[in-house]
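Note sheet for the following structure.
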There are 4 protein chains.
Amino acid sequence: MTASYAAGTPWPRRPPGPNRADERYAQIYETAARLFYEKGYSRTSLQDLANAVGLQKGSLYHYIDSKEDLLFGITEYAHNFFLQLLEGVDEENLSPLAKLERMLRLHAEFAAAHFHVTAAFYNDRSALSEERQERVVQTRDAYEARLRQLVRDGQAAGEVAADVDPRMAVFGVLGMINWINQWYRPEGRMSPQEIATVFATLSVRALRPVCTCTDGDGGRQAPSSAKASPAAP
Amino acid sequence: MTASYAAGTPWPRRPPGPNRADERYAQIYETAARLFYEKGYSRTSLQDLANAVGLQKGSLYHYIDSKEDLLFGITEYAHNFFLQLLEGVDEENLSPLAKLERMLRLHAEFAAAHFHVTAAFYNDRSALSEERQERVVQTRDAYEARLRQLVRDGQAAGEVAADVDPRMAVFGVLGMINWINQWYRPEGRMSPQEIATVFATLSVRALRPVCTCTDGDGGRQAPSSAKASPAAP
Amino acid sequence: MTASYAAGTPWPRRPPGPNRADERYAQIYETAARLFYEKGYSRTSLQDLANAVGLQKGSLYHYIDSKEDLLFGITEYAHNFFLQLLEGVDEENLSPLAKLERMLRLHAEFAAAHFHVTAAFYNDRSALSEERQERVVQTRDAYEARLRQLVRDGQAAGEVAADVDPRMAVFGVLGMINWINQWYRPEGRMSPQEIATVFATLSVRALRPVCTCTDGDGGRQAPSSAKASPAAP
Amino acid sequence: MTASYAAGTPWPRRPPGPNRADERYAQIYETAARLFYEKGYSRTSLQDLANAVGLQKGSLYHYIDSKEDLLFGITEYAHNFFLQLLEGVDEENLSPLAKLERMLRLHAEFAAAHFHVTAAFYNDRSALSEERQERVVQTRDAYEARLRQLVRDGQAAGEVAADVDPRMAVFGVLGMINWINQWYRPEGRMSPQEIATVFATLSVRALRPVCTCTDGDGGRQAPSSAKASPAAP
DNA sequence: GATGAATGAGGTTTCATTCAT
DNA sequence: GATGAATGAAACCTCATTCAT
């Protein structure tokens, strides 16, 4: 797997061969992703979509069988990304934390580059059929399990602080990344790759063992630590 | 402001005086928050809500004027929390990073304790009227600005690594926290306070200056740093 | 079972208790039965029905959950009739042919008195869900099997001509009766009971052993018989 | 008219001359008849038909001008049969009851051999234009009138029981025959001709004068007669 | 306070039909 | 002859909301 995720045309096509209608498919799915991002899946009507692509409402049904197909097609894009990510990363010969960092970087880059897609993936999953939700959830769970394992491996290797709770740590770094679609704008200052680097770095810093030396007070003055008792009830 | 956020009955009441119907208001708003969380605001019908509280659909209109009122009431709960958080934290005499850590801890505790509320706040904001959205966004922006300022202050004080981008850092820690509603379950192993402590700690560790000493390998093995060139195109 | 089939209000009611909306239910189902009879189920729109009962299209959904419910409710009327008919007739102490005649008479009377219902039952069954179709078909088959058995019993008792094929005979008499809805009009000359008597009599005459005596020419001039060779290919 | 009805290619053709596309016409009309039989005219879409014949929906319009054309073409097949039947039977020199038996036999044979056609003819007539319906109804009425006249002639000749109501008798025998499409299957035990013979025989037996002699108990034990008072309320 | 009938706008979907290619 | 994109009307259905009781 390369650093960038760019499957050719990710959207479903009905006729298998090359087809001059492929542009329409892409146009429809891309517009749908944008509208779902802007208003939410349920608040986007097919009338909205038809208007945006310049078709009649009914004409959309040449390209889809149901509105849910649109959402599913979009979530499949993300789903397939995670599947590839799961397969790809183990091929490389890296330390656990390096692997983790690599996965998070790729994930974050994808989350920014395809923020419409990840927004649909996370916000409107409940609009998919039970069956389809389960598929998505299974892959998501496998992905999270892989990340947790890397954290544990990193702890065994001394790369990750022993007091880190792998579950919490993974929830935390995923939150950072999956939150990107809430604020990212393509016209913004930073590219998806730059954002990915920043977040991968922040994640690694959060996980690494706490420095205990004295030449610098970074570690000492941390105003509280994981051992700190929780705030008063 | 105390460590825990617990405004008495946060839900709106139409008749201003005390009223034996207050329970109904609370029941309706709490049930709505749960349903919105489970299915999304738009996919939850007032019939669903009426069924869940044991009323007829029409009877709900004794308690609300519109469906949006429910969503607004719920988001107001979060909104008011942020307003209080903004006011409260400066009263304390703490270093910037300590203040930041305190805000994040309170925020995270709220995010877990009221995960239904924060989910509605972030996922269904686009269903509010323009006017109401703007109000919410303004407060959110003020909150984020305050956090960024604390990061910058921390950098000035040497508590926060100089190479941290305040915008990215704040987006990152907010993502961690606002993601809590995606995985938190009240019946889970950790209490909101414990979760809050963990995330506050992780955040602080991510922000603090990188340790450069040699007595310990925490710093050396960081597999990449913020200066690392982004992944290849 | 009495000779006439008159269950009080045959149409479904949602709230179980007595209800002032029962009239509406009856009005809607009766109008639906009439419209389905006139134009067929598929060619009758809910708009047609709404217009006919003076409601808005959407208001019909207070009384039904789907258009198919209307068809199902109507076919249930016939379905229940056949179930009662199956149970009821054996209680009487009659000869096989007398029982058969009694069932056919009751069936024919029902077919005329409720010609809207039987028309829907037979013409639009394919619009019901698979599940519901199967239910109906099972009962229909049980009913036909009972009639065939009565024909066979009649043959054993010498009441029915031995050369009669029970399957064909039952198909024939059912055809007679189920065809009633094609021509019956309530304002016509004959009442359902009169029609039922005529058809029961015709059926019995068709089944009885052929007379072979000579005092009368009834038997002799039958222009062909079951033994006649089929028409030329 | 021969005993079997087999007009060469009954389906309409647009280009009047002979044409290698005739097979397509036949295929389309026959498939349509089958589909209409299985699901009803209104519930069969042109997409269903196109799929079944291996064409695209739009391509059907090379062969038809409208969906109704298909139904009309099919009903015309039956319509023409009845016209031929009306013309043909009087040429023969037979007694009234023999003529009647002959017509019913031919009708029944047609009804079985072309059960798809007769099903469409009777079930979906209401989907034709007013004009076309009227044409069909006129022919049907003429046909029924001819049958009634034969019954009356048979009564005058003493071949048919005097107490038979010609209208009812004709409705009855037509019901038997027109019901055939509800149960006939080509792979069944009996051929259309055998079925036709059975039903013609049953009809004749039902109509003939009741035997009043004593050598045999066929007549005496008829459990009720046309004079019997109708069943109790 | 509560009901439930009724509304009316708008949602997703189907489908016969047209037409440029 | 055949395609398949596109249309537009109309279908079934949902639902927030109103209101007389």
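Throughout, a chain's letter reflects where its sequence line sits, starting with A, and its residues are numbered from 1.
- Taking the ring axis of A:Y61 as reference, the NZ or CZ atom of A:K67 does not stay both within 45° of it and closer than 6.0 Å to the ring centre.
- D:S59 comes within contact range of at least one nucleobase, with a heavy-atom separation under 4.0 Å.
- Distance from the side chain of A:Q56 is smallest to F:dG8 among F:dA2, E:dC15, F:dG8.
- Map B:S66 and C:K67 each onto its nearest nucleotide of DNA chain F; the residue landing nearer the 5' end is C:K67.
- Along DNA chain F, the nucleotide nearest B:E68 and the nucleotide nearest C:G58 are compared for position; the residue whose nucleotide lies closer to the 5' end is C:G58.
- A donor-acceptor contact shorter than 3.5 Å links the side chain of D:S129 to the backbone of D:R132.
- Minimum atom distance to the side chain of D:L46 is reached by E:dA16, of the listed E:dA16, F:dT3, F:dC13.
- A donor-acceptor pair under 3.5 Å is absent between the side-chain atoms of D:T118 and the main chain of D:F121, judged by distance alone.
- In a base pair of the Watson-Crick type (N1 to N3 plus N6-O4 or O6-N4) or a G-U wobble (N1-O2 and O6-N3), with each distance short of 3.5 Å, E:dT21 is matched with F:dA2.
- Atom CG of B:L70 and atom C1' of F:dA16 are 11 Å apart (whole Å).
- At the phosphate of F:dT3, neither OP1 nor OP2 sits under 4.0 Å from any side-chain N or O atom of D:Y61.
- Straight-line distance from the CZ atom of B:R43 to the P atom of F:dT14: 16 Å, rounded to whole Å.
- Contact annotation: C:R24 side-chain N/O to E:dG4 OP1/OP2 distance is not under 4.0 Å.
- For D:K57, counting side-chain heavy atoms from C-beta on, the closest listed nucleotide (E:dT14, F:dA6, E:dG1) is F:dA6.
- Residue C:T44 is in sugar-phosphate contact alone, with no base atom involved, counting any heavy-atom pair closer than 4.0 Å across all strands shown.
- Panel note: side chain B:T31, backbone B:Q27; a donor-acceptor pair is recorded below 3.5 Å.
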